[in-house]
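Only one structure is covered here, and it is reproduced in the block below.
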Amino acid sequence: MSLMQPNYTQTPPAVPNVMVIFGAGGDLTRRKLIPALLHLCNARLLPDSFAVLGLGRAEMDDAAFRDLMAEPVREHVGAAFDQSIWDRLVARLHYMRIDIHEGAEYERLRERLRELDSRRGTGGNYLFYTAIPPSLFAKVTGFLGAAGLLRETGNRWRRVVVEKPFGQDLDSATALNRELHRHMDERQIYRIDHYLGKETVQNIMVFRFANGFIEPLWNRHHIDHVQLTVSESVGVEHRGTYYEEAGALRDMIANHLLVLLGFIAMEPPNSFESSALHDEVDKVLDAIEPLSPEDVLRHAVRGQYGAGTLPDGERVTAYRASPGVDPQSRTETFAALKLRMDNWRWAGVPFYLRTGKRLATQHTEIAIQFKRAPKVMFKNTDVNHVDPDMLVLRIQPAEGIQMSFGAKIPGPAMRIGAVNMDFCYEDYFGNKPATGYETLIYDCMHGDATLYKHADTIEKGWRIVQSVMDVWAAMPPRDFPNYAAGSWGPKAADQLLRNDRRQWRRIPDTDGTETSTVREGLYTESRKPQS
Ligand code: BG6
């Protein structure tokens with residue numbers, strides 16, 4: 001099992017295979033998949049007998065596909081780009097034009113794969129990756145099945161990685177599961193959520209379960225509430241057509257944010273075995289209290305960005321002006337929810353989730369606010385207020401863990417200031433660039449589905465957001481766009497917490513200017529750290 005591999009040095013390379021990417025010309029291939037393969041290649045985790053076969057609508061040959069990938073991959077990998085590693089990978093990239101709507105085309109695909117097998121020694125093992133619109137998953141799998149490409153014999157394996165969103169809602173997800181099972185066994189299906197592949201997401205479990213001091217505090221007796229923020233400064237880029245159908249709730253909350261929530265709220269699994277882990281996450285999802293239509297009106301907030309200015313001064317256009325987007329679009333690019341859990345550990349502890357495009361900064365974190373200490377012993381001092389402590393698990397960027405608490409401000413008076421204790425991954429483990437897809441792709445090549453989602457988990461996720469989708473669909477938004485690009489989202493999202501006499505944690509700017517005031521204005525006194 002791949003979970004928590006300390007580093008890649010003792011890990012054997014994957015077994016020979018061809019990775020077939022449907023949607024090779026798309027954003028995901030450029031931004032995540034090929035960069036992830038590059039990182040795997042760098043870590044010597046790709047086998048020598050390996051090939052990528054990109055499939056797309058455009059007419060081009062292998063050489064043109066390699067050229068097409070080079071620039072965007074260089075851009076997404078950034079400073080870690082190494083030409084010699086790229087040279088090694090690029091020689092294994094191939095391309096085939098295909099009309100994926102035509103069954104006969106899959107016969108050609110089978111021939112091409114046979115040819116690659118004999119040229120590259122890939123042994124008939126195929127990993128099919130569906131980087132295509134979700135509405136095509138079932139169709140493509142059907143054609144693969146009909147062409148015999150999903151049939152496994154001897155040691156030869158055939159696996160399909162199904163991208164998210166898995167369906168559009170509960171009914172379509174159930175139907176998709178049924179459809180996939182018509183053509184292959186459950187063990188051949190890999191439902192991906194790349195947040196499960198992120199080191200820092202996996203580290204939530206290590207932090208909680210490998211350290212004795214945390215668990216006793218991890219419950220309703222000590223925790224006041226939890227905030228999950230996945231903020232993106234990017235807009236919808238070239239994905240307008242996809243995003244119009246998805247929106248923030250389907251694109252991010254039904255999957256990535258629920259993964260974070262599952263890891264934060266789960267009971268300790270009996271082991272890190274796949275089934276133990278999945279069972280515990282499923283129990284968390286089961287415990288989330290269903291939202292009635294009234295709850296949705298009070299506890300769910302949606303938003304869409306208008307034109308605005310990003311913190312670096314760049315002027316950007318509104319969502320409705322993006323390519324592929326309806327100029328009257330009602331799709332939400334921001335969503336916030338308050339969820340409650342009906343179980344022993346978390347009764348009465350709200351979980352606030354928010355995510356959005358074109359927010360002020362790119363940042364993913366989980367902030368756990370502890371209950372405040374009684375002020376009793378400071379009653380005759382200058383301390384008029386004792387604030388709660390906060391633990392922040394930073395998922396990206398600047399991955400790390402921060403504890404903020406009160407400390408005495410030096411001087412004759414008893415005053416308390418907010419200070420931080422900060423652990424940065426980079427300081428301890430260096431900066432290993434990763435997209436989150438590396439581990440998952442590698443695991444699939446090894447037949448390890450621990451970090452992939454089960455059908456049940458996906459359906460439970462849809463069940464949670466379904467009530468919100470229903471109410472939102474019945475009541476079209478009247479105030480879109482309701483937040484400016486570069487801001488922190490609609491005012492209603494702030495009000496959501498204010499109604500509970502709370503506020504969102506102030507997220508540091510990307511330029512690193514961070515004061516020690518984690519919750520500005522809440523502490524008696526706060527100061528910037530001395531340089
Ligand atoms: C994808 C969503 O699943 O996750 C995108 O479809 C989003 O809209 C992306 O930008 C965020 O992933 P990451 O790894 O950049 O946080």
Side-chain angles (χ1 to χ4, degrees), residues 23 26-36 39 72 75-78 129-135 137 161-168 190-204 228-261 263 303-305 316 319 322-325 329 331-335 353-359 361-366 393-399 432-441 451-453 458 461-462 465 485 489 507 510:
D27 228 39
L28 181 67
T29 306
R30 283 191 293 250
R31 277 175 58 202
K32 306 277 187 185
L33 301 183
I34 303 291
H39 295 147
E75 183 195 327
H76 288 295
V77 171
Y129 199 109
T130 57
I132 45 176
S135 52
F137 294 163
V161 177
V162 187
E163 254 299 336
K164 53 153 280 285
F166 193 93
Q168 277 290 300
Y190 288 71
R191 300 174 191 82
I192 197 165
D193 183 324
H194 76 283
Y195 268 52
L196 282 165
K198 288 183 188 282
E199 293 281 343
T200 35
V201 174
Q202 295 176 25
N203 189 52
I204 297 172
L228 288 88
T229 299
V230 181
S231 82
E232 297 190 275
S233 51
V234 289
V236 287
E237 316 288 284
H238 315 290
R239 301 164 72 223
T241 317
Y242 154 76
Y243 201 84
E244 276 287 89
E245 297 290 307
L249 196 64
R250 286 189 177 88
D251 186 47
M252 299 294 287
I253 295 203
N255 34 72
H256 301 329
L257 276 92
L258 290 183
V259 163
L260 299 178
L261 178 60
F263 280 15
Q304 188 194 76
Y305 65 84
V316 292
Y319 171 70
S322 313
V325 171
S329 173
T331 301
E332 82 283 354
T333 59
F334 178 98
L353 283 56
R354 66 173 163 168
T355 184
K357 299 268 183 208
R358 283 283 187 238
L359 295 182
T361 188
Q362 191 84 14
H363 193 89
T364 298
E365 69 164 42
I366 300 154
L393 304 175
R394 279 192 310 269
I395 306 297
Q396 61 188 25
E399 291 81 357
K432 206 185 290 153
T435 61
Y437 285 80
E438 292 78 2
T439 314
L440 296 170
I441 293 173
L451 294 176
Y452 285 85
K453 284 184 155 177
I458 294 199
W462 280 125
V465 295
I507 308 276
T510 30

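Whatever order the structure lists ligands and atoms in, that order sets their numbers, starting from 1. When a residue number appears, it is its place in the shown sequence, counting from 1.
- Using modelled atom types and a 3.5 Å distance limit, the side chains of Glu244 and Thr241 yield no donor-acceptor pair.
- The shortest contact between atom 15 (O) of ligand 1 and any protein heavy atom is with Lys32 NZ, 3.2 Å.
- Under a 4.0 Å criterion applied to the non-hydrogen atoms of Lys164, ligand 1 contributes the atoms 1 (C), 2 (C), 3 (O), 6 (O).
- Considering each of Glu232, Glu237, Gln362, the one bringing a non-hydrogen atom nearest atom 9 (C) of ligand 1 is Glu232.
- Taking atom 12 (O) of ligand 1 as the reference point, the nearest protein heavy-atom neighbour is His194 NE2, 3.1 Å.
- Here the side chains of Phe334 and Met252 are not in contact, with every heavy-atom distance at 4.5 Å or above.
- From the protein, the heavy atom lying nearest to atom 1 (C) of ligand 1 is His256 NE2, 3.6 Å.
- Ranking the protein heavy atoms by distance from atom 6 (O) of ligand 1 puts Asp251 OD1, 2.6 Å first.
- Ring geometry for His194 versus His256: interplanar angle over 60°, hence perpendicular rather than tilted (30 to 60°).
- A pairwise comparison of heavy atoms in Trp462 and Ala254 identifies CZ3-CB, 4.0 Å as the closest pair.
- The closest side-chain heavy-atom distance from Ile204 to Ile395 is below 4.5 Å.
- When non-hydrogen atoms are compared, ligand 1 lies under 4.0 Å from neither the backbone nor the side chain of Tyr243.
- A heavy-atom separation below 4.0 Å is found between Arg239 and ligand 1.
- Close N/O approach between Gln396 and ligand 1 is found [any backbone or side-chain N/O within under 3.5 Å].
- Every atom of ligand 1 with a heavy atom of Lys198 under 4.0 Å away is listed here by number and element: 13 (P), 14 (O), 16 (O).
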Practice task
Go through the steps to decide whether Tyr242 and Asp27 satisfy the test side-chain hydrogen bond (donor to acceptor under 3.5 Å, both in side chains), and finish with yes or no.
Solution key: CA-CA 11 Å; Tyr242 154 76; Asp27 228 39; over 6 Å; no
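- Those atoms of ligand 1 with a heavy atom of Lys357 less than 4.0 angstrom away are 5 (C), 7 (C), 8 (O), 10 (O).
- Heavy-atom minimum distance, Gln202 versus Thr439: NE2-CG2, 4.4 Å.
- Proximity of Tyr452 to Val161: side-chain heavy atoms (C-beta onward) are separated by under 4.5 Å at one or more points.
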